[in-house]
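We name chains A, B, ... by the order of the sequence lines, and we start the count at 1 in each one.
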Protein chains: 2
Amino acid sequence: MENSDDTEAGDRSSGSGQATSIHDVARMAGVSIASVSRALNSGTGSVSSATREKVFAAAKALNYRPNQVGRALRSQMTNTFALINSNIQNNFYAAVAWELERCLAAEKAALLVYTSNEEPETQDRCIEDLRARRVSGVFFLCAVDSPGLEVLIGNDPVVFINRRLEACPGFSFVGIDDFAAARAQVRSGVRRHLRDIAIIHGPTTSDTSARRLRGMLDAAKDAGVEVPQSMIHEARLSMESGYDCAGPILDHGAVDAVFCGNDQIAYGVYRRCLERGVRVPDDLRIYGFDDNPMNEWLAPWLNTVRVPHIDLARVAFEQMQVLLSSGEKREVILPYELIQRA
Amino acid sequence: MENSDDTEAGDRSSGSGQATSIHDVARMAGVSIASVSRALNSGTGSVSSATREKVFAAAKALNYRPNQVGRALRSQMTNTFALINSNIQNNFYAAVAWELERCLAAEKAALLVYTSNEEPETQDRCIEDLRARRVSGVFFLCAVDSPGLEVLIGNDPVVFINRRLEACPGFSFVGIDDFAAARAQVRSGVRRHLRDIAIIHGPTTSDTSARRLRGMLDAAKDAGVEVPQSMIHEARLSMESGYDCAGPILDHGAVDAVFCGNDQIAYGVYRRCLERGVRVPDDLRIYGFDDNPMNEWLAPWLNTVRVPHIDLARVAFEQMQVLLSSGEKREVILPYELIQRA
DNA sequence: ATCAGAACTGTAAACGTTTCCACAAGTCAA
DNA sequence: TTGACTTGTGGAAACGTTTACAGTTCTGAT
C-alpha cells in the first residue's frame with residue numbers, strides 16, 4: 001500500500017506475456033472499469049477523489065498503460081499519422097520527416113513512414129495499407145498522381161508537402177513559391193555574368209519541377225539569355241540521373257553554369273565534373289534546389305535555394321491540426337532563401 | 001450484379017465518413033459475419049464456394065478492406081513494427097530505415113519511426129509509446145541504455161542494429177566486427193606511411209564506438225605508432241562535434257591523418273580543414289566509418305569502412321522473423337569493406 | 001420530513017474483427 | 001435405416017477500451 005518506492009513490485013507484466021488491462025486495475029482498486037477509465041481520462045465524467053486515488057495507486061502498482069488498440073477501436077481515433085515520401089534517400093526529406101515526428105511526439109501521436117519511390121503503384125499500396133490501419137491523417141512529401149490518391153483525398157485528411165497535386169488544387173499544401181525562387185536563382189546567376197547556362201530539371205509530371213523549370217526559363221528570357229534546347233534536360237530526381245544528364249552537357253563545351261531541379265541532381269553533376277576534370281566552381285557553377293542540410297558540410301561548391309525544411313514540417317503539422325478540427329484546407333507558401341556558396 | 005466494371009458504383013464509403021465494415025459485406029452477401037471472415041481469410045475454417053463467391057462479390061462491390069484496428073485487437077497482433085533510431089539526420093541510418101520499410105512492406109507490415117536523439121529519456125518516451133501501441137517488434141538503430149529499454153527487452157521482440165547494448169549481451173544483433181574493421185583501417189593507413197595520426201572517436205558509452213576506438217589503438221600500438229593523448233578526442237556522433245574536435249588537432253600542426261568514429265564526425269573535420277586552408281587529401285587524410293551512401297557522390301576525399309547498410313536491414317528483418325517464430329536470439333556479424341578514396 | 005438536484009458509480013453496449021462452439025445438412029459405410 | 005463422420009453455417013464470446021444510461025447516495029432547500 002505504502003511502498004510506492006518499491007517500483008517493480010506489482011509489475012506482474014514483466015515477462016508474463018499478458019499485459020495488464022483496465023480490468024486488472026479495476027479489480028485491484030476495487031472499482032468498476034468505467035471508474036478506472038474516468039479516473040485516468042480526466043476529461044470525462046466525475047470521480048470522487050477517493051476513487052481517483054485508489055485507481056492511481058493500482059495503475060501505478062501494476063504499471064498500467066492503456067492499450068492503444070482497444071482505445072483506437074472504441075474511439076475511432078488511432079492518433080497515428082502516415083508520411084509517404086517519395087524517396088527517403090534524400091536527406092532533405094529525411095530532415096522533414098524527423099521534424100514531423102518531433103511535432104507529433106509532442107502530441108503523443110506516432111508516425112508511420114512509407115516510401116513511394118515516385119511510383120504510383122507503390123504509392124497506392126501504401127495508401128491501401130494506411131487506410132486499412134485507419135490512420136488519423138496523411139502527409140505526402142512529394143506525392144505522385146495515382147488512382148488511390150484520388151480516393152484518399154476524398155475521405156481522409158491529407159497535407160501535401162513541397163509538391164502540389166496538379167490534378168487537385170485546393171488541398172492543404174505547404175511549400176515555397178517555386179516559380180519565383182527558380183526565377184530569382186537564375187536571375188542571380190545571370191547577374192554574375194553566367195550566360196552559357198544549362199538546365200537539368202525534374203520530371204514535368206511533378207508540379208514543383210514544372211514550376212521550377214518555368215521560373216528558370218522565364219528569368220533567362222527576361223535577361224535575354226538564350227538556352228538552346230540541347231542544354232535543357234529532364235532528369236529523375238536522383239543523383240544517378242543528374243550524373244547521366246551532365247554527360248552531354250559537358251560534352252557541349254562552353255557552359256558557365258548548370259541549374260538543377262534539386263540538390264540530388266546537382267550532386268550527380270558534381271561527380272561527373274570531378275571525373276571529367278572540370279573544376280567546380282572555377283570552370284563551372286552548379287546550382288541546386290532545396291538545400292539539403294548536408295550541403296553546409298559537404299557541398300561548399302553548391303549554390304542552391306534553401307527551402308525551410310523545419311518550418312515545412314511544422315506548418316504541415318499545423319495544417320493537419322486545422323484540417324482535423326475545422327476541416328479547413330489552406331495553402332501556405334513559405335519564404336525561400338538564395339544560398340550562394342560559390 | 002454483373003457490373004463489376006462499374007468500379008466505384010457500390011463504394012458508399014467515398015465521402016460518407018463511415019467506412020464499410022464486415023457487417024455491411026455480410027448483409028449484402030446474405031451471410032453471417034463469421035462466414036465473411038472465413039471466406040476472406042482463406043486460412044481458417046471451410047466455406048462453400050457459393051458463399052465464397054457471394055462474399056467476394058459483395059466485398060468488391062463495397063470496396064471492403066478489413067479494419068486493421070479491429071483485427072489487431074482480436075488477434076493480439078498489430079503487424080506493426082517500430083524503429084527507434086538515434087539520429088535520422090544521418091543518411092546512413094535513413095538508408096537502413098528505408099530498406100527495412102521495404103522488407104516489412106513485402107509482408108504487409110508497417111513501420112513506426114521514432115527518434116531518440118541518443119537521449120535515454122527520449123528513448124524511453126518512444127518505448128512507452130510503442131508499447132502502448134502494442135507493436136509486434138522493435139528495431140533499434142543505435143540504442144542507448146535506459147531504464148525503459150531494460151523492461152522492453154524482457155517482454156518484446158527486439159533486434160539491435162549496428163550497436164549492441166553492452167549491458168545486455170545475448171540479444172539479437174546485426175552489425176560488423178567494429179574492432180577488426182577499425183584495426184584494419186588504421187593498419188592500412190600506417191601502411192601508407194601515415195604516422196602522425198589523430199583519433200576522434202564516438203562516445204565510449206556506445207559499445208560500437210568503444211570497439212572502434214580499441215581497434216584503432218590496437219593497430220597503432222602494433223605498428224609502433226604512438227598516438228599522444230592530446231590527439232585523441234571524444235566527440236558526439238555529429239558533424240558539429242567533429243568540427244569542434246578538429247580545431248585543437250589542426251592547431252597542433254604535424255598531423256597526417258585523422259581517424260573518425262563515423263562519417264558524420266569526418267564531415268565536421270573536413271569543413272574545419274576547408275576553413276583552415278588545409279588541403280584534403282593532399283595535406284591531411286580523413287578516415288570515416290559507415291560509408292554513408294552520399295559519400296560516393298559528395299565525399300571523394302573520404303576513406304571509410306563500408307558497413308553494408310542494405311544487408312544490415314535485411315538481416316535485421318530476418319532476425320525479427322526468427323525471433324517471432326522461434327524466439328531464438330542470434331548475433332549476426334556481417335563483412336565490412338575498406339574504402340580508400342583518397 | 002420530503003424532494004430536487006448534484007455527485008458519483010456500475011452495468012452494458014459499442015467499436016470491427018476472429019474463432020469457438022453448436023447445430024444442420026449432407027455423405028458414406030455398415 | 002441407422003450411425004459416424006465431414007462440411008458448412010450462424011450465434012456468441014472475446015480482445016480493451018469509452019461512454020450512455022440508470023441507479024444510488026448525498027446535499028441542501030423547502
Item to check | Intermediate values then yes/no, side-chain hydrogen bond (donor to acceptor under 3.5 Å, both in side chains), B/Asn117 and B/Thr122 | outcome: CA-CA 7 Å; B/Asn117 276 317; B/Thr122 309; 5.4 Å; no
Checklist entry - Checking all strands, does B/Val47 fall into the base, sugar-phosphate, or nothing category for heavy-atom contacts under 4.0 angstrom? => result sugar-phosphate
Next on the checklist: Using only modelled atom types and a 3.5 angstrom limit, is any donor from either the side chain of A/Arg74 or the base of D/dT18 paired with an acceptor on the other?
Outcome noted: yes
Checklist entry - Of the residues in residues 34-42 of chain B, which ones touch DNA chain C at a heavy-atom distance under 4.0 Å? => result B/Ala34, B/Ser37, B/Arg38, B/Asn41
Next on the checklist: Is A/Gln76 close enough to C/dA14 that one of its side-chain N or O atoms is under 4.0 Å from OP1 or OP2 there?
Outcome noted: no
Next on the checklist: Measure CD/A/Glu53 against P/C/dC8 and give the value in whole Å, please.
Outcome noted: 14 Å
Next on the checklist: Ignoring hydrogens, what is the shortest heavy-atom contact between A/Tyr64 and A/Leu40? Give both atom names and the distance.
Outcome noted: CE2-CD2, 3.6 Å
Next on the checklist: Nearest whole Å is fine: how far is C/dT18 P from B/His23 NE2?
Outcome noted: 12 Å
Checklist outcome for this item: Here the distance between atom C1' of D/dA14 and atom CG of A/Asn67, to the nearest Å, is 14 Å
Checklist outcome for this item: Assign each of B/Ser32 and A/Ile22 the nucleotide of DNA chain D bearing its closest heavy atom; nearer the 5' end lies the nucleotide of B/Ser32
Next on the checklist: Does B/Ser46 reach a base, just sugar-phosphate, or nothing at all? Heavy atoms under 4.0 Å.
Outcome noted: base
Checklist entry - Are B/Phe160 and B/Phe173 an aromatic pair by the rule of ring centers under 6.0 Å? => result no
Next on the checklist: Once you apply a heavy-atom cut-off of 4.0 Å, does A/Val69 come out as touching a base, just sugar-phosphate, or nothing?
Outcome noted: nothing
Item to check | Protein-nucleotide distance (A/Lys54, atom NZ; C/dT9, atom C1'), rounded to Å | outcome: 10 Å
Checklist outcome for this item: Heavy atoms of B/Arg133 and A/Asn79 approach each other most closely as NH2-O, 2.7 Å
Next on the checklist: From CZ of A/Arg71 over to P of C/dA14, roughly how many Å is that when rounded to an integer?
Outcome noted: 21 Å
Checklist outcome for this item: Whole-Å distance, B/Arg52 CZ to D/dG8 P, equals 9 Å
Next on the checklist: In this structure, how many angstroms lie between the P atom of C/dT18 and the CE atom of B/Met77, rounded?
Outcome noted: 13 Å
Item to check | Five-pair end axes of the helix from C/dA1-D/dT30 to C/dA30-D/dT1, angle between them (10°) | outcome: 60°
Checklist entry - To the nearest angstrom, how far is A/Leu73 atom CG from D/dT19 atom C1'? => result 14 Å
Next on the checklist: From the set D/dG11, C/dT18, C/dC15, return the single nucleotide nearest to any side-chain atom of B/Ile33.
Outcome noted: C/dT18
Item to check | Side-chain N or O of B/Thr51 closer than 4.0 Å to phosphate OP1/OP2 of D/dT9 | outcome: yes
